[in-house]
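Below is one structure, written out as structure tokens; comments come after it.
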Amino acid sequence: MTVDIDKTAGPEDTPPAGPEAIRAIPVRHYGRYFSAAVAIAILVAIIYAFAQGKINWGAIPDYFFDDRIVKGVGQTLLLTVLSMLIGIVGGILLAVMRLSKNPVTSSIAWFYIWFFRGTPVLVQLVVWFNLGLVFEYINLGPIYKDYWSSFMTPLLTALLGLGLNEAAYMAEICRAGLLSVDEGQTEASHALGMSHSKTLRRIVIPQAMRVIVPPTGNEVINMLKTTSLVSVVQFYELFRYAQDIGQTSGAPVEMYFLAAAWYLILTSILSVGQYYIERYYARGSSRTLPDTPLQKIKANMLSLSNRPAAGGGA
Amino acid sequence: MTAMVKAEGVHKSFGPLQVLQGIDLEVKSGEVFCLIGPSGSGKSTFLRCINHLEKINAGRLYVDGELVGYRQKGDKLYELKDSEVAVKRRDIGMVFQRFNLFPHMTALENIIEAPVQVKGVSKAQARERAGQLLERVGLADKARSYPSQLSGGQQQRVAIARALAMEPKLMLFDEPTSALDPELVGDVLDVMRDLAESGMTMIVVTHEMGFAREVGDSLVFMDGGVVVESGHPRDVLTNPQHERTRSFLSKVL
Ligand SMILES: Nc1ncnc2c1ncn2[C@@H]1O[C@H](COP(=O)(O)OP(=O)(O)O)[C@@H](O)[C@H]1O
Ligand SMILES: [Mg+2]
């Protein structure tokens with residue numbers, strides 16, 4: 001606000017020394033006023049409709065920190081983190097395989113991506129869940145042997161379903177990232193005597209991260225929401241608990257709102273985290289890093305308090 | 001004097017494109033060896049063959065008496081493993097036209113990366129040595145700068161320091177000043193001159209004829225993938241014997 005005042009006050013106080021400043025009547029954007037009015041009217045109508053609906057708003061705060069909801073939030077986060085871990089590690093592995101000169105490994109990676117990207121994740125989840133119908137036992141030779149049904153816990157099913165599917169998407173993101181790094185970097189690293197794996201780990205991947213992180217942030221947010229599908233494999237997370245409470249408490253719609261609110265909170269927190277991670281991987285790529293929101297606030301406060309003292313000096 | 005690099009009938013092609021068509025030359029230990037020639041004549045390719053960034057198709061290439069990329073047993077050649085090639089590259093420093101510094105690391109981190117990761121030098125020791133190298137190239141105050149915060153000339157000097165940190169016995173320079181603004185060329189050439197005086201064996205691909213004449217011990221003119229003319233830089237540059245050399249020199253001098 002103060003900035004605006006300063007700007008308008010400036011030229012009037014001290015008329016320009018050079019040619020006379022132009023005083024014209026600015027263009028009136030009537031369309032903007034009109035569209036803003038329409039948007040506000042629609043918003044009011046929606047709020048009014050919901051206020052009129054038979055919704056027991058009080059049920060939402062009552063259950064917001066219910067033990068089951070809190071546990072569900074924890075499970076949702078756990079599943080998101082673990083699935084993304086599988087996805088990212090698998091994705092990098094697949095991307096490196098895909099870019100490898102060995103035609104066998106690159107074909108395997110291609111096939112994997114083709115299969116897992118080409119089928120819906122819900123179908124994959126149900127298939128993992130029902131593999132017990134096909135395999136009675138899981139037999140890893142001398143290491144492990146058990147009934148499929150007791151091996152495939154809901155958590156494992158959910159992790160496999162979400163993680164392996166995610167790996168296929170992450171593979172494409174990682175591949176684009178790896179390809180974005182200038183070949184001269186690999187060459188310089190090899191010329192210094194660094195091995196393939198060290199070059200990848202120390203030189204190429206850190207630079208690829210700048211390209212990989214932004215879409216991965218979107219993937220995490222997507223994953224957080226996709227976890228709501230795993231109720232079909234009997235895994236209990238936020239959405240499933242909210243559904244359960246809704247059925248027993250007689251406020252199903254309210255509980256869906258509650259779940260939606262929690263998802264919004266979680267995705268908002270993740271977005272903030274994403275900003276800081278992107279900032280970290282941008283180091284060295286531009287001369288100065290963008291300010292963090294906190295730094296921006298601090299800078300604004302400082303410039304506000306300094307303004308009278310600094311006068312026209314700045 | 002022993003030969004640091006020896007090429008015997010080196011051939012290299014990319015698919016149907018014959019880039020090197022029988023290069024014979026010898027670089028003596030401690031010598032500054034200049035390589036000149038028109039664009040596309042295969043100078044970079046030859047340098048890259050020396051540290052096995054490219055595989056040669058025919059001929060023999062030796063560095064410090066050892067075959068590049070292969071091991072000879074009897075009359076059979078065995079390809080070296082990647083890890084064995086990497087070990088040999090430690091002794092050969094390379095400086096690129098476009099610097100190729102690691103942009104996510106500061107100047108100091110660029111320099112200590114390979115000694116720490118490849119040679120297992122302690123970080124403290126590598127830092128100390130990096131400080132000395134930065135001083136040597138006149139950038140002691142830039143240790144904490146990222147490459148994007150440095151001028152081209154400064155980046156190239158950091159790149160030279162990075163290569164020197166591995167204590168190579170041979171340095172390859174691929175047009176180290178071609179990407180620089182004219183006023184920045186001098187600083188880089190000064191560092192190279194300094195290095196030459198310290199006795200480093202250097203192969204320098206360059207268009208800086210002044211540098212070649214002053215600092216060079218030998219000079220080779222390459223064209224179309226073969227050595228057209230070689231000799232002492234003063235002789236070749238002032239009194240070229242071949243028509244192709246003459247016409248090339250008339251364009252760059
Ligand atoms: N990796 C490659 N694949 C295909 N062609 C290449 C490759 N590297 C170089 N060449 C070709 O080889 C020729 C010689 O290139 P280069 O050695 O870079 O020449 P110079 O450094 O003398 O200008 C050029 O025609 C170039 O296009
Ligand atoms: Mg070249």
Side-chain angles (χ1 to χ4, degrees), chain A residues 92 96-97 99-106 174 176-214 216 275-292, chain B residues 44 47-48 50-54 81-107 109-120 144-150 155 158-159 162-168 170-174 179:
Chain A
I92 291 177
V96 171
M97 283 171 70
L99 293 172
S100 121
K101 288 193 194 96
N102 183 334
V104 177
T105 39
S106 77
C174 294
L178 294 177
L179 286 175
S180 76
V181 179
D182 182 34
E183 264 186 83
Q185 294 290 311
T186 311
E187 222 160 67
S189 172
H190 283 165
L192 285 165
M194 309 243 290
S195 64
H196 282 305
S197 59
K198 277 243 166 80
T199 300
L200 207 57
R201 258 204 343 268
R202 303 274 316 168
I203 308 300
V204 178
I205 290 179
Q207 293 181 58
M209 286 307 248
R210 213 159 51 79
V211 173
I212 292 174
V213 165
T216 303
Y275 178 85
Y276 279 92
I277 295 175
E278 277 177 31
R279 191 171 175 279
Y280 173 79
Y281 281 108
R283 76 197 190 288
S285 68
S286 57
R287 285 174 188 227
T288 52
L289 285 177
D291 284 344
T292 63
Chain B
S44 299
L47 277 196
R48 292 157 51 78
I50 292 175
N51 63 2
H52 209 54
L53 287 173
E54 302 286 357
K81 283 186 287 198
D82 286 347
S83 56
E84 295 171 305
V85 172
V87 168
K88 295 207 166 178
R89 284 189 187 133
R90 295 179 192 183
D91 294 334
I92 306 173
M94 187 157 191
V95 176
F96 301 86
Q97 184 174 350
R98 282 169 49 243
F99 330 132
N100 294 351
L101 287 180
F102 306 134
H104 57 304
M105 298 180 181
T106 62
E109 287 166 349
N110 263 279
I111 297 173
I112 67 171
E113 178 67 11
V116 171
Q117 295 296 326
V118 178
K119 280 189 166 172
R144 284 138 97 39
S145 301
Y146 284 98
S148 61
Q149 298 164 325
L150 299 173
Q155 287 187 54
V158 172
R162 177 177 71 176
L164 290 177
M166 290 298 281
E167 300 179 322
L170 168 66
M171 286 283 285
L172 310 175
F173 292 86
D174 191 358

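Values below: every heavy atom of this structure, side chains too, minus hydrogens, waters and symmetry copies. Reminder, nothing fancy here: chain letters follow the sequence lines and each chain counts from 1.
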Under 4.5 Å from any heavy atom of chain A, what part of [X] do you find: side chain, backbone, both or neither?
{"X": "B:Arg48", "answer": "side chain"}
{"X": "B:Phe102", "answer": "both"}
{"X": "B:Leu101", "answer": "backbone"}
{"X": "B:Leu53", "answer": "side chain"}
{"X": "B:Val87", "answer": "neither"}

Spacing of [atom1] belonging to [X] relative to [atom2] belonging to [Y], to within rounding of 0.5 Å:
{"X": "B:Leu164", "Y": "B:Ile111", "atom1": "CG", "atom2": "CD1", "value": "9.0 Å"}
{"X": "A:His196", "Y": "A:Ser100", "atom1": "NE2", "atom2": "OG", "value": "10.5 Å"}
{"X": "B:Leu170", "Y": "B:Asp91", "atom1": "CG", "atom2": "CG", "value": "9.0 Å"}
{"X": "B:Asn110", "Y": "B:Phe99", "atom1": "CG", "atom2": "CZ", "value": "13.0 Å"}
{"X": "B:His52", "Y": "B:Arg89", "atom1": "NE2", "atom2": "CZ", "value": "7.0 Å"}
{"X": "A:Leu178", "Y": "A:Gln207", "atom1": "CG", "atom2": "CD", "value": "11.0 Å"}

Between B:Lys119 (side chain only) and B:Met166 (backbone N and O only), is there a donor and an acceptor less than 3.5 Å apart? yes
Looking only at atom types and distance, does a side-chain atom of B:Gln97 sit under 3.5 Å from a main-chain N or O of B:Asp174, one as donor and one as acceptor? no
Quick one: which residues of residues 186-195 of chain A reach chain B at under 4.5 angstrom, heavy atoms only? A:Glu187, A:Ala188, A:Ser189, A:His190, A:Ala191, A:Leu192, A:Gly193, A:Met194
